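Before we start, here is the structure in question, set down as structure tokens.
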Amino acid sequence: MTKWQPIATAPKDHTTVLVCQKVGGRWLYSAMEWDDMFNHWRTEACGGFEYEEDITEPTHWKPLEPPE
């Protein structure tokens, strides 16, 4: 299992990764990719990409792992 890494080390080449951010005392997780046009993390939804409203400044990331 891959350990969480600081968000500053996350790939910014359109690779989808798992990100997290602590909000209101709880951790939120989402699969996202970096949008270099708008310098923002975004998530895929309904066949297109949208911005995640709850995760605005992820603090950590790790690669998505295939299901077992």
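Just so it is clear, the structure is predicted and the values come from calculations on it, not from any experiment. Heads up: numbering here begins at 1 and tracks the sequence.
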Aromatic plane relationship, H60 with W4 - under 30° parallel, 30 to 60° tilted, over 60° perpendicular: perpendicular
Look up atom CE in M32 and atom CD1 in I7, then write down how far apart they are to the nearest 0.5 Å. 9.0 Å
Between the side chain of Q21 and the main-chain N/O of T56, is any donor-acceptor distance below 3.5 Å?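 Pair found, side chain donor or acceptor close to backbone of T56.
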Do you know the tightest heavy-atom contact between T2 and Q5?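 In terms of heavy atoms, the two residues are closest at CG2-NE2, 4.0 Å.
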Run the side chain to side chain contact (heavy atoms under 4.5 Å, CB included) test against L64 and tell me which residues pass, sequence neighbours left out. T16, L18, A31
Set of side chain to side chain donor-acceptor pair (under 3.5 Å) partners for D13, sequence neighbours left out: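 With sequence neighbours excluded, D13 shows a side chain to side chain donor-acceptor pair (under 3.5 Å) to T15, given in chain and number order.
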Which residues pass the side chain to side chain contact (heavy atoms under 4.5 Å, CB included) test with N39, not counting sequence neighbours? W34
W61 vs P6 side-chain heavy atoms within contact, under 4.5 Å: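 A side-chain contact is absent here, since even the closest heavy-atom pair is not under 4.5 Å.
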Less than 4.5 Å apart, side chain to side chain, heavy atoms only: is that true for T43 and S30?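 Contact flag for T43/S30 side chains = yes.
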Mind checking the SG-OH spacing from C20 to Y29? Nearest 0.5 Å is all I need. 5.5 Å
